[in-house]
Asks: 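Next up is a structure, given as structure tokens.
Each residue takes its place number in the sequence, starting with 1. Side chains included, hydrogens not; waters and symmetry mates left out as well; all remaining heavy atoms used.
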Amino acid sequence: MTGTYLGMPAFPEAAAVSTKNTRLRANLRHATHTIRAKRAAAVAELADWERLRAAGAAIKDRTLRHLDHYLERLESTVTAAGGQVHWAADAEDANRIVTELVRATGEREVVKVKSMATQEIGLNDALAEAGIRAYETDLAELIVQLGDDLPSHILVPAIHRNRTEIRDIFTHRMARWGRPAPEGLTDAPADLAEAARLHLREKFLNAKVGISGANFMVAETGTLVVVESEGNGRMCLTLPETLISVVGIEKVVPTWRDLEVFLQLLPRSSTAERMNPYTSTWTGTTDGDGPRVFHLVLLDNGRTDTLADTVGRQALRCIRCSACLNVCPVYERAGGHAYGSAYPGPIGAILTPQLRGTQSELDASLPYASSLCGACYEVCPVAIDIPEILVHLRERVVEGGPASVRGTRAVIKPAKGHAAERAAMRAARWALDHPGVLRAGQRLASRTRRFHPRRLPGPGRAWTDTRDLPAVPAEPFRDWWQRTHGDGNRSEGKSTT
């Protein structure tokens with residue numbers, strides 16, 4: 001994927017630190033509870049929400065099954081409309097293409113629309129290394145950039161900051177990037193928004209190059225779509241002379257009729273709005289209207305490997321609404337930075353290990369960053385069964401096995417640190433295959449229960465650090481049933497369920 005977040009500790013270590021930050025937890029609790037309550041109300045207005053959800057999932061699945069066809073059609077229609085299409089196999093490839101395109105314009109500054117794909121590939125850092133300064137124009141992304149921080153939420157990247165912290169960041173950092181914050185800036189939302197507006201207006205008016213992502217790409221006409229709430233995207237998409245869009249290949253939809261479904265699902269699931277305040281669409285270039293040059297960079301970066309996994313490919317349905325983050329008890333307590341990825345929360349726990357692999361300690365830990373409560377699946381507008389994929393990826397971490405790596409079938413080795421777990425699972429499987437051994441083990445556990453420790457030793461210690469070890473009953477269920485019911489039910493043909 002990219003090295004931007006690599007070097008960060010595994011999720012358990014990072015979460016052990018972040019969960020002790022009381023201010024962070026208070027900020028997250030307030031924000032996530034507010035957003036999810038509003039979302040629930042917005043979704044409840046539609047009697048056909050579940051049918052819309054099923055339609056969104058079906059459209060995505062059909063598109064992914066024929067992804068090659070729709071991507072080739074998209075390339076054809078974008079080119080016919082005056083755009084130029086570039087194919088990027090990975091993050092390094094995409095960063096090289098974008099850097100070369102910006103250099104060709106002679107500019108050393110660009111304005112950016114909020115984009116998960118450019119965060120994923122570490123584009124800002126790559127541009128900085130080439131002497132090109134990228135200015136984030138989304139309010140939350142601006143806060144993150146000025147604070148020399150990392151995003152912690154898909155929809156609200158600065159969700160971990162409160163108003164006082166934002167005021168301090170604007171006051172002390174804004175002048176380094178352009179127009180300084182007004183004197184005597186308060187932490188009132190209107191004042192903070194006005195300070196950002198004044199700061200960004202100069203960037204919009206002077207920029208010659210804009211960089212964006214896209215929420216959707218319509219293969220039928222070569223049209224790209226960005227939905228947003230602030231209007232900064234509209235500025236970046238229309239004012240610069242050159243527009244470069246970096247978009248994951250899974251964002252394509254076949255037709256405008258398909259797009260209509262997602263324009264209902266996305267705003268209600270993300271911002272709890274009936275429709276987005278700004279829905280910008282553009283098709284190639286038009287003389288005298290908008291950018292004169294348009295480049296589309298189609299990003300793979302592990303997506304075809306994910307597509308090859310019949311269970312994990314569900315993750316490519318994701319429309320980046322962030323609803324799963326707002327209901328996740330793990331995300332609410334640990335925060336987004338603990339995931340070490342541009343994609344935090346439940347969707348990050350299944351998407352990042354597939355895009356980056358599970359060989360690093362960090363990525364191997366992400367499928368375990370969940371209680372498997374299933375709340376994420378219940379709110380997902382495209383019905384991604386996140387718990388199913390988490391269990392699937394845990395199996396890959398522990399057991400290894402066949403997978404697609406950079407387009408080639410390979411056998412992945414088990415991740416380090418799971419030898420005890422593999423041994424325990426194999427022992428359990430053997431015992432369950434031998435009823436006599438299982439029965440003897442149950443009786444032994446019952447008779448020795450007074451000597452059982454309250455905490456597990458060795459590798460099991462981490463599990464009982466936050467959980468009580470279940471008490472073993474005085475006798476196994478089978479023995480209790482035999483003692484209280486005997487063989488009467490069996491001989492009379494009665495059910496025991």
Asks: Side-chain contact test, heavy atoms from C-beta onward, threshold under 4.5 Å: evaluate it for T285 versus F294 and give yes or no.
Replies: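 They are in side-chain contact.
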Asks: Going by heavy atoms in the side chains, are L299 and W87 under 4.5 Å from each other?
Replies: no
Asks: Under 3.5 Å, is there a donor-acceptor pair between the side chain of K114 and the main chain of G213?
Replies: no
Asks: Tell me the closest heavy-atom pair linking I166 and L192, and the distance in Å.
Replies: CG2-CD1, 4.1 Å
Asks: Under a 3.5 Å cutoff, is there a donor and acceptor pairing between the side chains of T255 and D258?
Replies: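 T255 vs D258: donor-acceptor pair found between side chains.
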Asks: Per the side chain to side chain contact (heavy atoms under 4.5 Å, CB included) rule, which among L139, T137, D138 passes with E141?
Replies: D138
Asks: Is it true that a side-chain atom of T306 and a backbone atom of G302 form a donor plus acceptor pair closer than 3.5 Å?
Replies: yes
Asks: Does any part of the side chain of V225, heavy atoms only, come nearer than 4.5 Å to the side chain of V253, both counted from C-beta?
Replies: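 Contact flag for V253/V225 side chains = no.
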Asks: Please find out if less than 6.0 Å separates the ring center of F262 from that of F216.
Replies: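 When the ring centroids of F262 and F216 are compared, they turn out to be within the sub-6.0 Å range.
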Asks: Under 3.5 Å, side chain of H337 to main-chain N/O of L150, donor-acceptor pair present?
Replies: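 Yes, H337 side chain to L150 backbone: donor-acceptor pair under 3.5 Å.
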Asks: Determine the minimum heavy-atom distance between H153 and N326, stating which atoms define it.
Replies: NE2-OD1, 2.9 Å
Asks: Can R179 be said to sit on top of F204's aromatic six-ring, NZ or CZ under 6.0 Å from centre and within 45° of the ring axis?
Replies: no
Asks: Is R268 positioned over the aromatic face of W49, cation under 6.0 angstrom from the ring centre and no more than 45 degrees off axis?
Replies: no
Asks: Is the shortest side-chain N to carboxylate O distance from R36 to E378 below 4.0 Å?
Replies: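 Salt bridge absent between R36 and E378.
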Asks: Check the angle between the aromatic planes of F11 and Y339 and answer parallel, tilted or perpendicular using the 30° and 60° thresholds.
Replies: tilted
Asks: Should the ring pair H86 and H295 be called parallel, tilted or perpendicular, given that the plane angle runs from 0 to 90° and is split at 30 and 60?
Replies: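 H86 and H295: tilted rings.
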Asks: What residue pairs, at least two apart or across chains, pass ring-ring contact (aromatic ring centres under 6.0 Å, His included) with a residue in residues 219-254?
Replies: none
Asks: Less than 4.5 Å apart, any side-chain heavy atom of N27 and any of E165?
Replies: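 A side-chain contact under 4.5 Å exists here.
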